[in-house]
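Presented below is the structure to which this report refers.
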Amino acid sequence: MRQKREDVRNVAIIAHVDHGKTTLVDELLKQSGVFRENQEVMERVMDSNDIERERGITILSKNTAVTYKGIKINIVDTPGHADFGGEVERVLKMVNGVILVVDAFEGAMPQTKFVLRKALELKLPVVACINKTDRPEARPKEVVDEVLELFLELDADDSQLDCPFVFASAKTGMASLSPEEPGVNMEPLFETIVNYIPAPEGDPEAGTQVLVSTIDYNEYVGRIGVGKVDNGTISVNQEVVICNHHEPGKQTRVKVSKLYEFDGLNKVEVKEATIGSIVAISGISDLHIGDTLCAVDHVEPIPFQKISEPTISMQFMVNDSPLAGLEGKYVTSRHLRDRLFRELNTDVSLRVEETDSTDSFKVSGRGELHLSVLIETMRREGYEFAVSKAEVIYKKDDNGKLLEPMELAYIDVPNEFAGAVIEKLGQRKGELLNMGSITNGTYTRLEISIPARGLIGYRGEFMTDTKGNGIMNTVFDGYKPYKGDIQYRKQGSLIAFEPGESITYGLYNAQERGILFIAPGEKVYAGMVVGQTGRSEDIEINVCKRKQLTNTRSSSADEALRLTPPKILSLEQALDFIDTDELLEVTPVHLRIRKKILDPTLRKRAAFSKK
C-alpha cells in the first residue's frame with residue numbers, strides 16, 4: 001500500500017547561472033546547525049571542485065541534507081549553465097519539488113526557462129525564491145510578474161501557478177514572505193519547503209526500486225550510485241538486479257556492499273533505507289545513470305528522462321608535435337581513450353566515439369564550456385593531447401535537407417555597443433528577434449536567433465566590443481535548416497619558420513607583423529603559431545633569428561630592443577582562436593597553437609589542392 005513519508009522532503013534548487021543557488025544552499029546549511037559555532041566555513045561550500053571555485057560556477061550537481069524541526073530535507077544543488085543542462089535534467093527524477101531561484105534584478109533569464117520547463121514537464125511543485133533582494137537596483141514585484149508570465153508561457157497547471165513566493169537575500173541569510181519585509185533568517189523558506197513540497201510517496205512493503213540519477217567516483221571505493229528509494233527498502237548485503245528501461249535485455253545480479261545517506265556535507269553509513277530516502281550505493285562496478293536497482297523477485301525498471309543530445313564536437317588526439325611527451329604524464333592513445341571513456345561514467349551529456357584513426361577520438365558535448373572544462377580537468381590530471389576546432393553536429397530531415405543546431409542568444413549591453421553587437425552577429429547569420437530597453441534606459445536587451453556555429457569563437461570578441469560590460473546568455477533552440485557559410489576568422493596567423501628558441505631580436509622584427517603570443521626564451525617548432533597578423537593570410541616568420549655580429553659599431557646598434565608584452569591566451573581564448581586547419585596542443589604546462597600540417601611545403605600544397 002502506498003504511503004507518504006512525512007519526515008523527509010526531497011528538493012532541487014534550480015536557476016539561471018549566477019542567481020545565487022549555491023550561496024542559498026550555504027545559508028540553509030549554516031542555519032540548520034550543520035556547522036559548529038566556531039567552524040570556519042568557506043564561501044560556496046558546495047562548489048568543491050577547483051575549477052568550480054576558480055570560475056565561480058557550479059558544474060556538477062551535488063547532494064546535501066539538512067534537518068529542520070525533525071524533518072530531513074535532502075537538497076540537490078544543480079548547475080545553472082546551459083552547457084550543463086544534462087546535470088539538471090537527470091536529478092529532477094530524484095526530487096518531489098523544486099526551488100526556482102530568480103535574481104531580483106535580472107529577472108527570468110533563458111536558463112530559468114529551460115530548467116523550469118523540465119520541472120513542469122515532470123509535474124513537480126515549484127517554490128519561487130526571488131533572491132538578491134538586497135541589491136540596490138532590485139525590483140522584486142516586477143520579477144514576480146515575469147515569473148508568473150513564464151509559468152503561463154510554459155502551460156503550467158493551476159496548482160503550479162498557485163506557487164508560493166519567498167523573497168530572500170542569500171548573502172545576508174534572510175528570507176521573508178513579503179518584498180516589503182526584510183526578514184530575519186531563513187525560517188520562512190524552511191517553512192515553505194516543509195508545507196508546500198509534498199512528502200515522498202511509495203510502498204514500503206513492495207519490492208525494492210532505486211533509480212540511479214547520479215554517479216560519483218572515488219578511487220578508493222570505485223563507482224558510487226546516487227538515487228532515491230521509490231519503493232520497498234534497500235539494505236546492506238541485499239541481492240538486487242540492475243535493469244534499465246531503455247535496455248530491456250540488461251539484467252545483472254549484484255550485492256549491495258555499502259549504503260550511505262547524506263547528512264550535511266557528509267555521507268553517513270546506514271544499514272538500510274526506505275521510501276523517500278536519497279541514498280549512495282558503493283561496491284557495484286557496472287552501475288550507470290538511468291539504471292534501476294530492483295528486488296530479485298520483482299524486476300521492474302523505472303523510466304528515465306531522455307537526456308538532450310550534444311550539439312558540438314571536437315577531435316581529441318594524441319599529441320604528435322616535435323615537443324610531444326616532454327611535459328605530460330599520460331601521453332599515449334590508450335591513456336587518452338581510457339580517460340575519455342571514464343568520463344562517460346559521470347557525464348550523461350557527453351559522447352565519445354572512436355574514429356578511423358586509433359590516435360583520435362570524436363568527443364561531443366553540449367557547448368564550448370562543457371568541452372573546455374573537460375580539457376582543463378584532464379590537463380590538470382597530467383594528460384597531454386591535442387584538440388581540433390569545435391564543430392557543430394549537423395542532422396538531415398526526412399527529405400535529406402541539412403539541419404543545424406540553433407541558439408537563442410539573450411544579450412544585455414550598454415546602449416552605445418548595441419549596434420556593433422548586432423552588426424557582428426549579423427555577419428555570423430544571426431537574426432534579431434527582439435530589442436528592448438532595460439535598467440532605466442541605459443542598457444539594451446537583444447534577443448537574437450543564431451546558428452550554434454556562429455557563436456563559436458565569438459565570446460572573446462563580444463567582451464572586447466562591449467568593453468567587458470556585456471552579458472550574453474544562450475539557450476539551445478532546436479535544429480533548423482542550414483543558414484549558409486560563415487567566415488570565422490578574418491586575421492591570419494604568424495607561423496614559426498624553424499625550430500629553436502625564441503630570441504628577442506627575432507621577436508622584435510616579428511612584432512611589426514602583428515600580435516605575438518610568445519615571449520623570448522620559449523621553445524618553438526616549424527608550423528607552430530606564435531601570433532596573429534592583421535592581414536587575412538598567414539605569414540611565416542623567423543622568431544629564432546639572431547643578430548649578425550660584426551666588428552663594426554654604430555651609435556644606435558647597442559640600444560635595447562623593446563618588445564611589446566605578448567598576449568597570453570587562456571584555454572577558452574585559444575579554443576576560440578584556432579581555425580579549422582589548426583590544432584591546440586594541450587599539456588599540463590603549456591597551451592600551444594599549431595598548424596595541422598607542420599611542413600610549410602605540404603601545407604601550401606594542401607591549401608592549393610582545396611582550391
Please enumerate all residues that pass side chain to side chain donor-acceptor pair (under 3.5 Å) together with [X], with sequence neighbours excluded.
X: Asp397; value: none
X: Ser169; value: Asp134, Thr172
X: Asn10; value: Asn74, Asn96
X: Lys362; value: none

Pair [X]-[Y], side-chain donor/acceptor within less than 3.5 Å:
X: Tyr68; Y: Glu191; answer: yes
X: Ser372; Y: Glu572; answer: yes
X: Asp230; Y: Gln209; answer: no

Applying salt bridge (charged side-chain N to carboxylate O under 4.0 Å, His left out), can you list everything that pairs with [X], at least two apart in sequence or on another chain?
X: Lys480; result: Asp477
X: Asp412; result: Arg445
X: Arg339; result: Glu343, Glu381
X: Glu354; result: Arg337

inquiry  = Are Val144 and Phe167 packed together at the side-chain level, in the sense that at least one heavy-atom pair is separated by less than 4.5 angstrom?
reply    = yes
Side chain to side chain contact (heavy atoms under 4.5 Å, CB included) with [X]: which residues, sequence neighbours excluded?
X: Val270; result: Leu259, Glu261
X: Arg135; result: Asp103, Phe105, Lys132, Glu137, Ala138
X: Ala156; result: Leu120, Phe151, Gln160, Leu161

ask   = Hey, what's the ring geometry for Phe341 with Phe361, parallel, tilted or perpendicular (30° and 60° as the breaks)?
value = perpendicular
From Ile450 atom CD1 to Met406 atom CE, the distance as rounded to the nearest 0.5 Å = 8.0 Å
Are the side chain of [X] and the backbone N or O of [Y] linked by a donor-acceptor pair below 3.5 Å?
X: Ser277; Y: Val279; answer: no
X: Thr67; Y: Lys72; answer: no
X: Ser257; Y: Ser282; answer: yes

May I have the list of side-chain donor-acceptor pairs in residues 290-300 shorter than 3.5 Å, sequence neighbours left out?
from: Asp291; atom 1: OD1; to: Asn244; atom 2: ND2; distance (Å): 2.8
from: Asp291; atom 1: OD1; to: Lys250; atom 2: NZ; distance (Å): 3.3
from: Asp291; atom 1: OD2; to: Lys250; atom 2: NZ; distance (Å): 2.9
from: Asp291; atom 1: OD2; to: His288; atom 2: N; distance (Å): 2.9
from: Thr292; atom 1: OG1; to: Ile302; atom 2: N; distance (Å): 3.0
from: His298; atom 1: NE2; to: Glu300; atom 2: OE1; distance (Å): 3.3

ask   = So, are Glu146 and Arg139 salt-bridged, with charged N and O less than 4.0 Å apart?
value = yes
message = Could you report the tightest heavy-atom contact between Val127 and Ile197, atom names first, then the distance?
response = CG2-CD1, 3.9 Å
